[in-house]
K.L.:
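Okay, here's the structure, questions in a sec.
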Amino acid sequence: MGLLDKKFIVLGVTGGIAAYRTCELARMLVKDGAGVQAVLTGAAAEMVGPVTFQALTGRPAEVGRGGNLAASGMAHIDLSQRADLIVIAPATANTLAKISWGMADNLLTTAVLSSTCPVILAPAMNTRMWNNPLTRENLERLQRLERMILVGPAVGSLACGEEGAGRMEEPGAIFEAVRTVLSVKDLKGRHVLVSAGPTREPLDPVRYLSNRSSGKMGYALVAAAVRRGAKVTLVSGPTGLEAPWGARVVPVETAAGMARAVLKHLAKCDVLLMAAAVADFELRKIARKKIKKSQAGLSISLKPTPDILLRVGQQKPKCLLVGFAAETGNPVPEAQRKLKAKKLDLVVANDVSLPDAGFDVDTNRVHLVDGKDNRELPLLSKEEVAERILDRVVRMLARKRG
Ligand code: CTP
């Protein structure tokens with residue numbers, strides 16, 4: 001079950017070269033459970049055929065002034081009334097201008113004018129068109145309406161061969177914006193601090209000690225908290241993941257660096273989700289020059305890294321503290337021990353020796369352990385696990401306040 005289950009989305013496509021990238025967006029929306037009605041302008045249909053959108057969404061795509069819907073008794077008014085959201089990607093300067101002036105000369109602009117739901121606009125155009133004072137003025141007028149949400153454009157190479165602002169935002173980012181707009185904002189006004197990924201402890205200028213954490217669980221928590229309206233700060237060790245949309249990212253390398261960053265941001269936060277796999281050991285002495293392999297029989301001397309959560313727990317901060325315990329074997333007894341030892345409110349524990357709950361996989365099987373209870377969740381995607389953890393956090397925050 002996706003987050004967009006039971007949502008009905010009108011996907012507007014206007015005549016920009018980026019229209020071919022909207023096919024990917026259509027696929028993502030459908031895969032996440034949404035019902036999608038593609039509405040193309042005449043110019044868009046010259047870029048990508050309606051048959052492609054029909055195949056991707058399972059519904060006949062509308063073109064220009066429409067026809068299929070009217071024939072089946074659903075006028076543009078019904079379409080806009082049924083829609084939970086309208087997303088227009090790419091949105092050309094021409095369509096933005098028309099919407100900003102309340103014009104309704106095709107099915108898409110008519111649907112927007114008769115709608116009351118949020119409208120996501122992902123502009124795509126030449127940089128000079130984007131910077132033109134007329135376009136600026138149109139955008140200003142559009143953004144006076146709270147329900148008009150601009151996503152992008154990105155800066156990059158444009159279809160016309162030029163470089164600059166005007167490139168349609170990545171389909172993944174538009175998809176995330178759609179899910180954010182349609183999520184319940186039960187963390188609005190809250191500041192969530194998340195740590196994620198591994199840390200790297202240097203041996204010499206070219207080598208380090210680290211672990212197999214991918215950062216996926218922590219990044220899923222960040223995305224979920226952003227969707228729910230929280231202000232999110234992510235303290236991230238090195239990962240191969242794209243910076244999550246809508247969060248402030250503080251990159252760190254070592255456990256000591258992570259400790260500094262977490263302690264710095266702690267005072268302002270309502271929840272700390274310590275999902276990072278902090279390296280437990282660092283070198284007593286880091287070699288200043290590359291260690292040569294001719295140094296036969298090399299041995300290294302280690303010392304423990306600062307235990308960040310332990311330190312945080314000792315400070316008895318006002319915020320909720322959530323720790324993670326990656327164990328091999330039954331994780332519950334260890335989770336209970338860590339809960340007490342580090343003075344935590346909740347521990348999310350898993351057995352990383354299971355093939356579907358370990359490092360670098362997209363699923364997880366976790367236990368939520370607090371002072372009273374141990375709840376085992378079924379096998380879920382890391383995204384769903386993040387939602388369930390935040391459901392619990394929201395309840396705990398409400399209790400704390402009450
Ligand atoms: N943690 C931390 N600082 C460390 C090590 C761990 O803040 N130096 C945090 C982790 O981010 C996690 C929790 O403590 O939220 C538990 O981490 P884990 O590695 O499972 O436990 P440890 O306390 O390191 O104990 P052990 O390695 O013996 O299992």
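Atoms within each ligand, like the ligands themselves, are counted from 1 in listed order. Quick note: numbers below take in every heavy atom, side chains included, and nothing from hydrogens, waters or symmetry partners. When a residue number appears, it is its place in the shown sequence, counting from 1.
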K.L.:
Do you see a donor-acceptor pair shorter than 3.5 Å between the side chains of Thr52 and Tyr20?
P.N.:
no
K.L.:
Only heavy atoms of Gly323, strictly under 4.0 Å: list the atoms of ligand 1 that pass.
P.N.:
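Atoms satisfying the 4.0 Å criterion: 15 (O).
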K.L.:
With no hydrogens and no angle check, just 3.5 Å: does a side-chain donor-acceptor pair link Thr135 and Asn132?
P.N.:
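No.
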K.L.:
Looking only at N/O atoms, are Ala325 and ligand 1 under 3.5 Å apart anywhere?
P.N.:
no
K.L.:
Looking only at side chains, do Asn374 and His367 share a donor and an acceptor under 3.5 Å apart?
P.N.:
yes
K.L.:
Give yes or no for whether the N/O distance cutoff of 3.5 Å, strictly under, is met between Ala277 and ligand 1.
P.N.:
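No.
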K.L.:
Using a 4.0 Å cut-off to any heavy atom of Ala326, which atoms of ligand 1 qualify?
P.N.:
20 (O)
K.L.:
Would you mind checking which non-hydrogen protein atom is closest to atom 22 (P) of ligand 1, with the distance to 0.1 Å?
P.N.:
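Atom 22 (P) of ligand 1 sits closest to the protein heavy atom Lys342 NZ, 3.9 Å.
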K.L.:
Compute both the distance and the angle, then confirm whether Arg227 meets the cation-pi test with Trp245: under 6.0 Å from the six-membered ring centre, within 45 degrees of the axis.
P.N.:
no
K.L.:
Please report the interatomic distance CZ(Arg207) to CG(Leu283), rounded to the nearest 0.5 Å.
P.N.:
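So the gap between those two atoms works out to 11.5 Å.
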K.L.:
Do any N/O atoms on Ser195 end up under 3.5 angstrom from N/O atoms on ligand 1?
P.N.:
no
K.L.:
Is there side-chain contact between Arg228 and Asp391, with heavy atoms separated by less than 4.5 Å?
P.N.:
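Of all side-chain heavy-atom pairs linking Asp391 with Arg228, at least one is under 4.5 Å.
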K.L.:
Could you tell me whether a side-chain N or O of Arg141 sits under 3.5 Å from a main-chain N or O of Ser100, the two making a donor and an acceptor?
P.N.:
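Flag set: sc Arg141 to bb Ser100 pair under 3.5 Å.
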K.L.:
Quick one: do the Asn131 and Arg128 side chains pair a donor with an acceptor below 3.5 Å?
P.N.:
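Per modelled atom types, Asn131 and Arg128 side chains form no pair under 3.5 Å.
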K.L.:
For Ala259, which part has a heavy atom under 4.0 Å from ligand 1: side chain, backbone, both, or neither?
P.N.:
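Looking at Ala259 and ligand 1, no heavy atom falls under 4.0 Å.
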K.L.:
Below 4.0 angstrom from a heavy atom of Ala276, which ligand 1 atoms are there? Numbered from 1 as shown, please.
P.N.:
10 (C), 11 (O)
K.L.:
Checking the N or O distance criterion of under 3.5 Å, is ligand 1 in contact with Ala279?
P.N.:
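By distance alone, the answer is no.
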K.L.:
Is there a nitrogen or oxygen of Asp280 sitting under 3.5 Å from a nitrogen or oxygen of ligand 1?
P.N.:
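Yes - when backbone and side-chain N and O of Asp280 are compared with those of ligand 1, one distance drops under 3.5 Å.
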K.L.:
Around atom 16 (C) of ligand 1, find the nearest protein heavy atom and jot down its residue, atom name and distance.
P.N.:
Phe324 O, 2.9 Å
K.L.:
Closer than 4.0 Å to some heavy atom of Thr305 - which atoms of ligand 1 meet that?
P.N.:
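Numbered from 1, ligand 1 contributes 8 (N).
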K.L.:
Please say whether Arg337 places an N or O atom under 3.5 Å from an N or O atom belonging to ligand 1.
P.N.:
no
K.L.:
Report yes if some N/O of Ala275 lies less than 3.5 Å from some N/O of ligand 1; otherwise report no.
P.N.:
no
